[in-house]
Amino acid sequence: MLCLLAARHVSARILPSMATRVRFAPSPTGFLHIGGVRTALMNWLYAQQTGGAFLVRIENTDTSREVEAAAERIFDDLRWLGLDWDEEPRFQLDRVDAHREAAERLVAEDKAYVDEGAIRLRMPGEGETQWTDLVKGTLRFANADVKQALRPRDDPSAPGDMVIVRADGRPTYNFASPHDDVLDGITHVIRGDDHVSNTPKQLAVMRALGAEPPQYAHLPMVFDDSGKKLSKRRGAASLQELEARRNEPLVYLEEFRAVGYLQDALINHLVLLGWSPGAEETILPLDEILARFRLEDVNPSPARFDYKRLDWMNGVYLRALAPEEFADRLVAYLRQEGYEWDEARVRETAPLVQEKIARLGEYPAFAGFFFQSAEDVPAAAAELDGSVIAAAIEALEPLDEFSPEAIEGALRPLPERLRLKPRDVFRPLYTAVCGRPTGPSLFHSLPLLGKEESLARLTRAGEHAATASADVRVQE
RNA sequence: GCCCCCAUCGACUAGCGGCCCAGGUCGCGGCCCUUUCAAGGCCGUAGCGCGGGUUCGAAUCCCGCUGGGGGCACCA
């Protein structure tokens, strides 16, 4: 038992010395899916750990402006996450000629044949195809079953040989992909679970090509909250757009970016989907992940994407940032999201919100009142309390120095004086100043607004409170 | 329909035959702290899908069932 354990770890260390090459191969359809991001991450981690190369291959079927744009977005997403790749990204379509020639060679060797203009690979009808998957262990398929699956359901007399080049000359995915892997010298194919049943077909291609097959690692799927596969849907790339339909779960990396998650938190959360360091730790900075991640330890069962846990984790990372770093991130984030707010003011207010928000995207709603004038701050009458506000005005009015300490000295005694709970005093005040019952420390926010503006807001809110209660009385 | 995979608290997981009347984290509940809200502290909640084996002993090994998922094209 002991030596078995040892062997497992030894093999993981020895294999890498043979210059591993892995690849992430997204298709350029729309946005980069978060499940794909995890696949990319695990490929990248493996390459980093083994000193190998991480390649990106765009599996495009055509070359259009859309493909170009989608590829560019994928590169941008990977760069944003810090998953930098080696060598120039490949485009599958750039190698159609090579694929076609390889297929023709197979025909010449009688390993494939032409059928109604298409080229089909002769598939073995007996025996089985098996491989040792790095995460799933030994996987085996009866060759007869593989063939059977290749026949259309309504045509049991079909040959059951895989088309590798279509009649129109375009190579098929299950031929192009393994051939690309051969051409790129890929040693480890790390990809989603949904490719398991493609693997025997691709191994058949490898075999026919006379190539040494790579190691395979099939990562379990990522499900959404409801336990279904994270589905593709219309992507949204801006905070406003996402807020408009906030009940939809995020699925694309751009969406996670748009609501203000940090790279480190996202990576930390993603790597914990299907893998655990074994020890009782949850917060793992990248260097820690790099030191401890083992592809062999990824567990084979599917995982749900836990949004609440991500929020918690993002908050942890946000709070751990040095204040200047936090401000930098916030400024960059707001700029990216199109807020043209005064940078100096954002920086001033940043320390007041750092401990309060879990995502950078919460800032506009939480601290937007700093960028509004008294008239624009919404007056939520229900939360207001005229007498409390009047007392606050009275306490603040005489202050010469409008400092946090002075304000605290003036407001802190209010609950006791009014014989109210602190909560019943401060919620109305927050509402008056921030437009909602919660916000960053009043003592620190008011000096930033200035005495005049602060009193203006309180006064205005006081009037609202008065008319509101008058309305109520009239109705009664 | 056929093939393949998976199965520990609500979620992510630790567990590799005795150290487990199952541990950690999120969530949820309570209490404390508190200028609102958070954050923080403390306490609590809750799980080995079912049935058979194997074994002195099983969450851990084997078989079956059930449940979930993935895949079955001249799509990628």
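Per chain, numbering begins at 1; letters A, B, ... match sequence-line order.
For B:A76, the base has a donor-acceptor partner in the side chain of A:Asn198 [N/O atoms by modelled type, under 3.5 angstrom]. Residue side chain A:Arg309 reaches the base of B:U25 through a donor-acceptor N/O pair under 3.5 Å, judged by distance alone. Residue side chain A:Lys356 reaches the base of B:C37 through a donor-acceptor N/O pair under 3.5 Å, judged by distance alone.
Seen from the ring of A:Phe24, A:Arg57 does not count as a face-on cation partner, given the 6.0 Å and 45° thresholds.
B:C19 and B:G52 have their C1' atoms separated by 29 Å, with the value rounded to a whole Å.
Considering only side-chain atoms of A:Arg120, the nucleotide from B:C74, B:G69, B:G40 that sits closest is B:C74. The side chain of A:Pro302 lies closest to B:C6 when the candidates are B:C6, B:A38, B:G70. Between B:C12, B:C37, B:A76, one nucleotide has an atom nearer to the side chain of A:Arg427 than all others, and that is B:C37. Closest approach to the A:Val163 side chain among B:C26, B:A76, B:C74 is made by B:C74 (side chain taken as heavy atoms from C-beta onward).
Annotation: salt bridge (Lys or Arg N to Asp or Glu O under 4.0 Å) contacts of A:Glu355 (sequence neighbours excluded): none.
Within the nucleic acid shown, A:Gly315 has no heavy atom closer than 4.0 Å to any nucleic acid atom. At the heavy-atom level, A:Ala303 lies under 4.0 Å from the strands shown only through sugar-phosphate atoms.
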